[in-house]
Structures are given as structure tokens and as C-alpha cells.
Q: 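Below is a structure I'd like to ask you about.
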Number of protein chains: 2
Amino acid sequence: MNRQAPTLEDVAREAGVSRATVSRVVNGVRNVDPDIQELVRHAIERTGCTPNRAARSLVTRRAETVALIVSGAGDAFAARVFVDPFFGRVVSGALGYLRARAMHPVLLFAESQAARKQVVDYVRQGSADGVLVVSILADDPLPEMLLSARIPTVLFARPGRMAPISCVDLDHYAGGELTGAHLLARGCRHITAISAPSELQAGQDRLTGFRDALARAGRRPPPVVEGTFTLDSGAAAMTTLLRDHPRVDGVFAANDLMAQGACQVLRELGKRVPEDVAVVGFDDSSVAVPAHARPSAGAAPALRAAGQACACRWPRMMSAYRCPLDLIVRVWVG
Amino acid sequence: MNRQAPTLEDVAREAGVSRATVSRVVNGVRNVDPDIQELVRHAIERTGCTPNRAARSLVTRRAETVALIVSGAGDAFAARVFVDPFFGRVVSGALGYLRARAMHPVLLFAESQAARKQVVDYVRQGSADGVLVVSILADDPLPEMLLSARIPTVLFARPGRMAPISCVDLDHYAGGELTGAHLLARGCRHITAISAPSELQAGQDRLTGFRDALARAGRRPPPVVEGTFTLDSGAAAMTTLLRDHPRVDGVFAANDLMAQGACQVLRELGKRVPEDVAVVGFDDSSVAVPAHARPSAGAAPALRAAGQACACRWPRMMSAYRCPLDLIVRVWVG
DNA sequence: ATGAAAGCGCTAACAA
DNA sequence: TTGTTAGCGCTTTCAT
């Protein structure tokens, strides 16, 4: 019942060697006689020893662990992070990377200033070697805090202020350009937009890219109604746009949910989508694209880079990847 | 640059006391002079010391960590766990419980036998004090492995074989009964069912509960077509049912996704739902219920119990909770 | 190639 | 109430 877990010392006794030798075998250090290696391995097998992690961590000063921080939301919203078309892929890619290296992700939530401090402390205790931050806040203070605590960090999203932090993010501007090009290519003449809440930088970037694409084609700035990223706000915005611009034949919505709302309103009013009015969203979410067509591993290269950064190696690089469905991911390594 | 993190020893020197006293203050042990407490706290503040976790863990033999194991699926499917109407609530409830106790969840995936062994080793290394298993496998070997390794475990779902393991699960049978009662109460005369894949115990339980409810009302066994939990299979099953039983006016689908597929087929064929044909699903997922009506914290009491078990206390209890929308959760503590 | 021994930073039993 | 001391189990020089 109260039997302690076998230690390397037990194995050493069993094998008739020293603790140091057992440690060498366990850690794959060379300079160990193959016969003795075999001996030790058997002894480990027999005793069922699993080297204590805390003891190892204490001396190596590595936890073999990274903190996966969901910043700006409590655990009730953890789901979002895993379902979000961008975060979901990025997170599961990162998890796969960690797993291949026997590193473990600890889930932390940083929705308040106190929680943010706790997160920093957690790492400073040596509980994690670095952090991955998934942030949904426009101007999150956490990245700066991690930076000044000299904690190896990779941010999924871009920091509000310019900071020397590695990050992975969608290229919102380029995505916006694509949507503009798409509507132009379809031959739309009366193009409008449903924008994101104005305080979200990402939303602004999408809109700017969209506008620029139209401008380069010689079009005048499109009418824009601001939405709140919800289905209902998309429907409301579409209603407004139709009232003010009855001839509209192309709509850019800053996310898929609003695009969906817009489609509903259009169809209710007897418009065919996309024959009468073309609607393009943003997010590559499941409402927009048939499942079999989605690029499930699209963000892999970006993640590999991010993963490397997490592993506390910091290669100098900057690159962009383009996925099958034009999901554009950029990686900055600071 | 290479400056080490300050230790309790540093704080002790700074405060002019012994390391033990600092430890006592940090751990909130009483019997420490208030003045000295103040002194020590200031010293901690000044030095910015964060007590090393590995060192503490080494001597206390506690990691203050639990493993959150997703069994039967790789990280690509992690999303499911957080989105699933049952698992999602249960997991976020458990996370909240842990957080309030400054315990940390490590995310592990056990989709292969090798991965399962790694999970067991991870805990035996002392990296976690216990595990929460979210299993989607019908007959998962992991619970038994954890049991025989004497690892404190709470299973979300029920073990395939009867085993003395604490678990939290929906009461599928009772849920099935409810759906049957619902269709009967609506006055349906020609009731049919779209069942779950036969290898899933939970699905069988739902169906059995449903059948028993009908039987108790004196109805003969309903026609059943087996589905695969997908939208398409629900649609296909509904098509079959309508062909063989044109007068059908009530349908039980073993999950909401199939119910949705059934609704689509019915509407395409000009049937009104629920006026002509009543359809009831299972899962309390967002497709079925308006968001504002969902019991977001419905599983809280069950979780509290589960959380207590996780925390390695094992109160003898067995209870059932009924949520606003008849989500029934049972807790077994083994 | 192997062993002896020091010590990582902390807690806890024992002394004072 | 406080300090002294002995480990926790491991890695890692330094001898051999």
C-alpha cells in the first residue's frame, strides 16, 4: 500500500551498478558498456522504475513543459480556442509538435490581471520552460509581462504594441485583399462591406485590405456597415445595406458568422446567393466550406516554426505560408 | 543575463532569518511572529523570489497537477472534447474547480497503446497527482491500466467493464426514457427511432430507455434504423423510415446531428416539423436549443463531486442531478 | 567506462 | 517561536 515508487537507486542495487550508471542509461548517454546497458534495462523493467520528474527537473532546470495560455477568457471559453478555425489548427498543430518531443502542455487561463501574474509566476517557478499565448484581446498586457520576465514566448495573434515577440497570425490584410479580388473577379459592380467591431485591429486590417483591392481596381470606397461578429449583427447590417443600396450585388463580411446572417436576410428577401448577390466571409469556418475541402494541416509549416521557437531555440526567420484555401499565416520570430 | 532565480535562501539572508522561517511564511504555516512575517514578505517582494516548484514537489511528493487525458483520439480531435455538449461542460467545470485550488491541468492524448503507457508513466513519474479521463472509446483499456497502477482517476463516461472507478456520465437510459415520454406526451401514434452505431454502449442505453418508455405505455417496439451519428446518416435513416412507414409522426434520433438530418429530409418532403412529425434528438447541442435557454452551468454539482474525487478525497456517494433541460448526469464514486 | 560524492531548492522533524 | 539539519531522487563533475 504505502510502497514507494522504485528509484534509480533501487535499480542500481538490482543491477549491481551505481546510480550514476543507471542515470546514464536512462538518459541515453553514451560511454556505457552495451552489456551493462542491457543489464540496467532489465533491472529497470523488473523494478518498474519511472525516474522522478521533480528530481530531474530540480537539477536540469527544465520542466519539459510549456504553458498553453488562453489569454483574455476564462475556462468557459476554452472551447473557442479549440474550435476557432485559426486557433484550433494552430493549437492542435502545436500540441502535435510538443508531443513528438515528449513535452507537455499545461493549460492556463489568464482572464484577469491577477491571473496574468499567476501565469508569469507559474513559469518563474520553473513549472514551464516557455509559453504559447493564444490571445483574443486587442491590447493584451500579457505579452509584455512575459517579455520583461524574459520568458520564452510565442504569441498566436500579434501584440498590440510592437514588441520583439515571436508570433503567428493570419495575414488579415492579405485575406481582405483576397476577398476584394474575389468579388471583383465575379464581376460585382455594387460592392459593400460589413466590417468588424472597430476596436479590433484584425478586423480593421481585413477591411483595409479589402478596400485597397477595390481601390487598385479603380473602384470608389465601398459602403460599410459595422457589425459585431455575430450572426444577428450580420443580418442587421445586410438589412441596412439593402435599404440604402438596393442594387448591391457583392458583400464582404469581416467574418463567416456575419456572412451567414447576411445570406439569411438576402434569401428571405428573395435574392439568390450567389447568383444575385455574392457574399464572401472570413475565417474558413465550417459554416462556409464543406468539411472535405478544408485544409486540416494547412498551418503546419508555421507551427513547425512556432514550435521551434517554443523549444527555446530562436532561429532568425520570417516567412509566409499560403494554404489551399488561401488561409494565409505569417510567422514573426522576435 | 545568467542570473539565477532567487531562492528561499536568498530571501532568508535578505530578511535575516532562516530558510525554514521563509518556507513557513510562504506556505502560510502559523506559529510565525507577525512582525517577522511582514519582514519576510518584504524580502520576498524585494528579491522577487518564486519558490521552485520541482524542489517543493520533490519533498512533498505532490505535483499540484492533474492530467486531463483525452483517450481514444489524437490532438486533432481535442476540439471535440471541448465542444461536445457533455464533455465541454464537464471539462470546463473541472478546469474551474482545479483553478480555484491552484492545481493545473496537463493535456495528454492517449490514442494508441503506446500513448496510454506514456500517460501512466507520466503520472508514475510524479508529474501529476491524478487524472481525469475523457474517453470516447466503447471499451477503453486505459481506466483499467490506471486502476492497476493505483492512480487516482475520474472517468468522464463509464468504464466498459464494471470497475471500481469514479465516473461521471450522462444517464443515457433516463435520457432515452425522457425522449420516449416526450413523443408520447405529444400524442404521437407512429413512433420510430434512428439509433446510434450498435457498438456504442451509450447509444444502446439511450435506445433501451426509449423503448422501455414506449413499452410501459403499452406501445409495441418501434421500428429502428441504425445511424452513424452523422447528419447524412440521419437523413438516410429518415428516408428509409418514411419509405417503410409513411404514417410516421414521431422520431427519436440518438443524437442531435442525426435529428437535424432527419428534419432536413422531412422538410424537403413537405412535412412540417413538429406539426406533422415530431423529432427529438439527444445531446442538448446548440443546433437543437436556442443559446439563451441552454443550462451553461447545468453540470456544476456533478462536477463539484468529480472535482472532489480528483483532489484525491473519496467521499462515498452516489447521486443524480437533473438540469433545466433534463440533462441528467450521474456520479459514481468508486 | 564506472563509481563516489556534491548539490539542485525545498520541506519537515527535531532542537533549542 | 525560530534555527539546525537531514533528506527528497536525480544529474553531473571529478576521480579512478
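Letters A, B, ... are given to chains in the order of the sequence lines, protein chains preceding strands, and every chain is numbered from 1. All values derive from a computational prediction rather than experimental measurement.
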Q: Could you pick out which residue, B:R19 or B:G16, lies toward the 5' side of DNA chain D when each is mapped onto its nearest nucleotide?
A: B:G16

Q: Picking from A:L39, A:V32, A:D33, what satisfies side chain to side chain contact (heavy atoms under 4.5 Å, CB included) with A:D35?
A: A:D33

Q: Would you mind reading off the distance between B:N27 atom CG and C:dG9 atom C1', rounded to a whole angstrom?
A: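 Atom-to-atom, B:N27 to C:dG9, this comes out as 13 Å.
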
Q: Between P on C:dT2 and CG on A:D33, what's the gap in Å once rounded to a whole number?
A: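 Between P of C:dT2 and CG of A:D33: 5 Å.
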
Q: Would you confirm whether B:D129, through its side chain, and B:A63, through its main-chain N or O, come within 3.5 Å as a donor-acceptor pair?
A: yes

Q: Can you tell whether the side chains of B:R116 and B:E144 come within less than 4.0 Å, N to carboxylate O?
A: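 Judged by the 4.0 Å cut-off on N to carboxylate O distance, B:R116 and B:E144 do not form a salt bridge.
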
Q: Measure CZ/A:R13 against P/C:dG3 and give the value in whole Å, please.
A: 14 Å

Q: Check each of A:V133, A:V134, A:I69 against A:F156 using the side chain to side chain contact (heavy atoms under 4.5 Å, CB included) test, and report the only one that passes.
A: A:V134

Q: Please check this pair: side chain of A:R61 against backbone of A:G126, looking for a donor-acceptor N/O pair closer than 3.5 Å.
A: no

Q: I'd like to know if the side chain of B:S71 pairs up with that of B:D140 as donor and acceptor (distance under 3.5 Å, no hydrogens or angles considered).
A: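 Looking only at side-chain atoms, B:D140 and B:S71 do form a donor-acceptor pair, the distance falling under 3.5 Å.
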
Q: If you check the B:N52 side chain, which of C:dC10, C:dG3, C:dT2 turns out closest?
A: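 Output: C:dC10.
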
Q: Starting at the 5' end of DNA chain D, which residue's closest nucleotide do you reach first, B:V32 or B:L58?
A: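 The residue mapped nearer the 5' terminus is B:V32.
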
Q: Over all strands shown, is A:L8 touching base, sugar-phosphate only, or nothing at heavy-atom distances under 4.0 angstrom?
A: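 Sugar-phosphate contact only - A:L8 comes under 4.0 Å of backbone atoms but never of a base.
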
Q: Select from A:R61 and A:T21 the residue whose nearest nucleotide in DNA chain C is closer to the 5' end of that strand.
A: A:T21

Q: Mapping B:R56 and A:R24 to their closest nucleotides on DNA chain C, which lands nearer the 5' end?
A: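 The residue closer to the strand's 5' end, by nearest nucleotide, is A:R24.
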
Q: Reading DNA chain D 5' to 3', which nucleotide is the first, and which the last, to come under 4.0 Å of any heavy atom in chain B?
A: D:dT1 to D:dG9

